[in-house]
Amino acid sequence: MQLESGLCSLSPTSTLPSLLLKVPLETSRARHLSRRSCWSPQQIHRISRKVCGVNGSRGRNSQYTSIQCQSRSTKEMNSGEQNEEAIHDSTMPERSVSTERASQFGIIIDRGEMKLTKIKNQVSLQKWRLRRFELLLLPAARRRLWGFSESLLIRGAAGRSLYFGENRLRSTQAATQVVLNVPETRVTCLESGLRVASEDSGLSTCTVGLWIDAGSRYENEKNNGTAHFLEHMAFKGTKKRSQLDLELEIENMGAHLNAYTSREQTVYYAKAFSKDLPRAVEILADIIQNSTLGEAEIERERGVILREMQEVETNLQEVVFDYLHATAYQNTALGRTILGPTENIKSISRKDLVDYITTHYKGPRIVLAAAGGVSHDELLDLAKFHFGDSLCTHKGEIPALPPCTFTGSEIRVRDDKMPLAHLAIAVEAVGWAHPDTICLMVANTLIGNWDRSFGGGMNLSSKLAQLTCHGNLCHSFQSFNTSYTDTGLWGLYMVCEPATVADMLHVVQKEWMRLCTSVTESEVARAKNLLKTNMLLQLDGSTPICEDIGRQMLCYNRRIPIPELEARIDAVNAETIREVCTKYIYNRSPAIAAVGPIEQLPDFKQICSNMCWLRD
């Protein structure tokens, strides 16, 4: 059986050909049909017969092709009824169908190709909807079902043709896998131990940096502040470039060069155009391997760091968190500040800086990470050229991670001249790689944060925010979950009026106990969704993606894929939250740091006794 006149050519055993759809949107007939909001199966059947221009009946033993046209109204969607009509058989004589006649219904079937689909017409006031056209080929030998996409919105001028390749039209029943449009994070380890990790997103800019597993935690009391001091000295000139040459080269590239130091990591990174990636890598390699560390520059930087310390002391949140680490990890490396004490800054010498580089800047402790428009193969070649030999010269064992023990204690700095009290309370949490990290992150999100500038008031989803707003207990609060390699801090930072310190602390501990005993599934679901949203929103741009790659490579020695992270978050439920919070919060001795007018702050023993169930 064949249909000629430029419409289609089908045989009983033929398969469905490639599909071509041409839809003239401006025909008067299409506008007339668009006014009809619903078509009955009988009307659809009559239209299809007019389009094909055929009549006839099928024989008892003949092979035939059946076209099923289905339109569902509200009642038909509930009942699930379907209607099929056979319109011709193999004994039917050949007929010619007019293209002009078919175009009246907004459909033109090209030679050797057929496509039936749903059309949404936005030109008219109401949309003309045909719920679905299904084409069933039912030969005697076998039956094939081809599924079409349920909706197709076609925009454009009259007579515009859209071609959909045969690979685009697949049965939805066969779509058992989800294709993720996420660039791959490629990782390669060099012979020196240096790890090269990158994600190519095809941008015109890129971020490349060195993540070094060395921070203030690897210092002792005598050289505390060396890692931060070395960060300042990195941009003061190398053997190849003076400070002026380095600054001019970066500015002429339109790039940005920056660095920061934390308690466990030191980072040097550059942001530049993708075409300037080789120069950016060469500059990073130069500043960490060939810094001159001149005596004049060292003396000049002492004053800069001392002024930076004065600025930090004006930020009360930074001061409170330094006090919190000092009391929680007292007499350990994590208890010391990143900048170091004033006497160390005044006494650090060039020898201290060189010893720190020789001891800690080794290949296995460094990750070269890049994101944006970067080629991993090109980055790998650059790493071999600039870091291949120099890092191998740093012999010796890698220093072990200094152990740090949590101690439940408090530190109070009372100053009644200050208008507000700043308080932080925390319990011991877990490290990055611990299985309970995700649960504590969800619990931290569940507590949330609040500020007087927030709208919503009593309608906020956070229970603690509702209680705080209703009782006017504080100016702001912020939950935190700070993780290190083998330990962490989970708690809350708050800013209160002097008279409401005790009430605010009581409400906070009561909310913590509720997490351990009676948190609900709806609250956990909300916190999980918010946590996933915050994580994804943070990966906006090449710089945060590059930072995420470098940090995860140091913490996990791999980058956790987003689907895996989402699956781990989805696995958390209310029962898990109650178990984990009971394990780390319930009846545990906290660490407290308070600064300001804190006369109303309860005694430490009373605070510890309130870490079990609180009764109203």
Side-chain angles (χ1 to χ4, degrees), residues 194 208-251 253 255-272 279-312 333 336-363 365-368 386-387 390-391 393-394 396 399 550:
L194 175 71
V208 58
L210 294 168
W211 270 255
I212 306 173
D213 189 15
S216 62
R217 183 171 182 177
Y218 294 91
E219 301 169 346
N220 52 46
E221 294 183 0
K222 295 182 179 180
N223 67 350
N224 181 212
T226 303
H228 180 258
F229 205 114
L230 186 60
E231 169 207 325
H232 279 252
M233 294 301 301
F235 307 120
K236 298 303 178 287
T238 66
K239 297 177 181 179
K240 297 181 181 180
R241 302 174 175 86
S242 64
Q243 180 178 354
L244 179 60
D245 294 337
L246 179 61
E247 294 174 355
L248 287 177
E249 185 173 0
I250 292 295
E251 291 183 359
M253 291 169 54
H256 298 274
L257 187 63
N258 205 349
Y260 65 86
T261 306
S262 64
R263 283 182 165 82
E264 288 190 336
Q265 298 173 7
T266 302
V267 180
Y268 304 89
Y269 67 95
K271 296 186 289 184
R279 297 176 63 184
V281 174
E282 193 272 332
I283 290 175
L284 290 173
D286 192 25
I287 63 177
I288 73 164
Q289 297 177 116
N290 304 315
S291 293
T292 55
L293 304 177
E295 293 293 342
E297 288 78 10
I298 291 176
E299 294 300 326
R300 185 165 58 249
E301 284 305 305
R302 296 188 199 275
V304 175
I305 298 176
L306 291 174
R307 287 193 297 271
E308 183 180 349
M309 290 184 61
Q310 294 177 356
E311 294 179 1
V312 171
R336 292 187 280 268
T337 63
I338 299 175
L339 273 65
T342 303
E343 53 271 17
N344 283 10
I345 295 175
K346 294 180 179 180
S347 62
I348 288 178
S349 63
R350 186 180 188 278
K351 181 179 180 302
D352 296 328
L353 301 177
V354 173
D355 291 343
Y356 191 88
I357 294 176
T358 305
T359 304
H360 299 287
Y361 284 21
K362 300 178 181 294
R365 305 185 67 177
I366 300 177
V367 173
L368 177 62
H386 295 292
F387 299 98
S390 58
L391 293 180
T393 59
H394 292 176

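If you read the sequence from its start, that first residue is 1, and numbering goes on from there. This is a predicted model, so every value here is computed, not measured.
For F235, the ring-ring contact (aromatic ring centres under 6.0 Å, His included) criterion is met by no residue, not counting sequence neighbours. For S349, the side-chain hydrogen bond (donor to acceptor under 3.5 Å, both in side chains) criterion is met by D352, not counting sequence neighbours. Annotation: side-chain hydrogen bond (donor to acceptor under 3.5 Å, both in side chains) contacts of Y268 (sequence neighbours excluded): Y361. Not a single side-chain hydrogen bond (donor to acceptor under 3.5 Å, both in side chains) links S262 to another residue, sequence neighbours left out.
Considering all non-hydrogen atoms of both residues, R302 and S347 come closest at NH1-N, 3.7 Å. Closest non-hydrogen pair, L194 versus L368, comes out as CD1-N, 4.1 Å. Taking each heavy atom of Y218 and P399 in turn, the nearest pair found is CE2-O, 4.4 Å. Taking every heavy atom of both residues into account, R365 and T359 meet most closely at NH1-O, 4.3 Å. Closest heavy-atom contact between R217 and A333: O-CB, 3.1 Å. The heavy-atom pair separating L210 from L284 by the smallest distance is CD1-O, 4.0 Å.
Residue pairs that meet the salt bridge (charged side-chain N to carboxylate O under 4.0 Å, His left out) test with at least one member in residues 282-291, sequence neighbours left out, are K240-E282, R241-E282, R241-D286.
A distance of 10.5 Å separates CD1 in I348 from CD in E343, rounded to the nearest 0.5 Å. Separating the CD atom in E299 from the CD atom in E301 is a distance of 11.0 Å, to the nearest 0.5 Å. In this structure, CD in E251 is found 10.0 Å from CG in L246, a value given to the nearest 0.5 Å. To the nearest 0.5 Å, the span separating CD1 on I357 from OG on S291 amounts to 6.0 Å. In this structure, the separation between CG on L339 and CG on L306 is 9.5 Å, given to the nearest 0.5 Å. One finds the CZ atom of R300 at 12.0 Å from the CD atom of E295 (value rounded to the nearest 0.5 Å).
With contacts defined as side-chain heavy-atom distances shorter than 4.5 Å, the pair I298/R350 qualifies. Between T266 and H360 the shortest side-chain heavy-atom distance does not fall below 4.5 Å.
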Using residues 224-231 as the side-chain source, report each donor-acceptor pair under 3.5 Å to any protein atom, sequence neighbours left out, with the distance given to one decimal.
residue: N224; atom: ND2; partner: E219; partner atom: OE1; Å: 2.7
residue: N224; atom: ND2; partner: T337; partner atom: O; Å: 3.1
residue: T226; atom: OG1; partner: N223; partner atom: O; Å: 2.5
residue: H228; atom: NE2; partner: H232; partner atom: NE2; Å: 3.3
residue: H228; atom: NE2; partner: E308; partner atom: OE2; Å: 3.3
residue: E231; atom: OE1; partner: T261; partner atom: N; Å: 3.2
residue: E231; atom: OE1; partner: T261; partner atom: OG1; Å: 2.6

List the steps and the verdict of side chain to side chain contact (heavy atoms under 4.5 Å, CB included) for I338 and R263.
-> CA-CA 6 Å; I338 299 175; R263 283 182 165 82; 4.0 Å; yes
